[in-house]
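Below is one structure, written out as structure tokens; the observations come after it.
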Amino acid sequence: WLTLLELLILFALSTTKSILGIYTALTIGHQAKTRTGLASIGAYFGVLVFESTVGRVCMSAFGSMIQDFDVLESFHGPFAILSLITIAIGAVYFFVCKYLMEKRLNLA
């Protein structure tokens with residue numbers, strides 16, 4: 001039951017991070033003077049590249065530690081690492097989006 005709960009928590013964190021990534025891409029795209037929709041799509045691809053790069057760096061740093069855990073025996077170690085990485089990426093998205101909305105977005 002605990003593993004199922006951990007998977008549900010990781011799913012909720014990942015969904016929240018993905019939504020924040022979309023909002024961040026939209027906010028970055030609206031910084032363009034023209035064709036904000038196209039710029040938002042480009043920014044979303046940039047957000048995905050950022051996320052995959054961070055994921056690769058973290059997997060190279062923590063990959064051996066994650067592989068040492070037996071999945072059937074214990075999921076707690078990899079769960080904690082993946083959750084922290086997901087929360088960190090989500091926090092970056094949140095603060096970038098918050099900064100751009102408060103300081104740079106012209107809604108008038």
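Predicted model only: the values in this text are computed from it and were never measured.
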Honestly curious: do Y23 and F94 fall in one hydrophobic cluster under the side-chain, below-4.5 Å linking rule? no

Which atom pairs, one a donor and one an acceptor, fall under 3.5 Å between side chains of residues 31-50 and the rest of the protein, sequence neighbours left out?
unit_1, atom_1, unit_2, atom_2, d
Q31, NE2, T27, O, 3.2
S40, OG, T36, O, 2.8

Side-chain heavy atoms nearer than 4.5 Å, only ILVMFWY residues, links allowed to pass through others: does that put V54 and I81 together? yes

Between F95 and Y93, is there a shared hydrophobic cluster once you connect ILVMFWY residues whose side-chain heavy atoms come closer than 4.5 Å? yes

Output the distance between atom OH (Y99) and atom OG1 (T24), rounded to the nearest 0.5 Å. 14.5 Å

What distance separates S14 OG from I9 CD1, expressed to the nearest 0.5 Å? 11.5 Å

Quickly, which of I85, I87, V92, T86 forms a side-chain contact (heavy atoms from CB on, under 4.5 Å) with I89? Name it, please. I85

Please list all pairs passing the salt bridge (charged side-chain N to carboxylate O under 4.0 Å, His left out) test where one or both residues lie in residues 44-60, with sequence neighbours left out. K17-E51

Residue list, side-chain contact (heavy atoms from CB on, under 4.5 Å) with T15, at least two apart or on another chain: F11, I19

Answer yes if L100 and L20 sit in the same cluster of Ile, Leu, Val, Met, Phe, Trp and Tyr residues linked by side chain heavy atoms under 4.5 Å apart, and no otherwise. yes

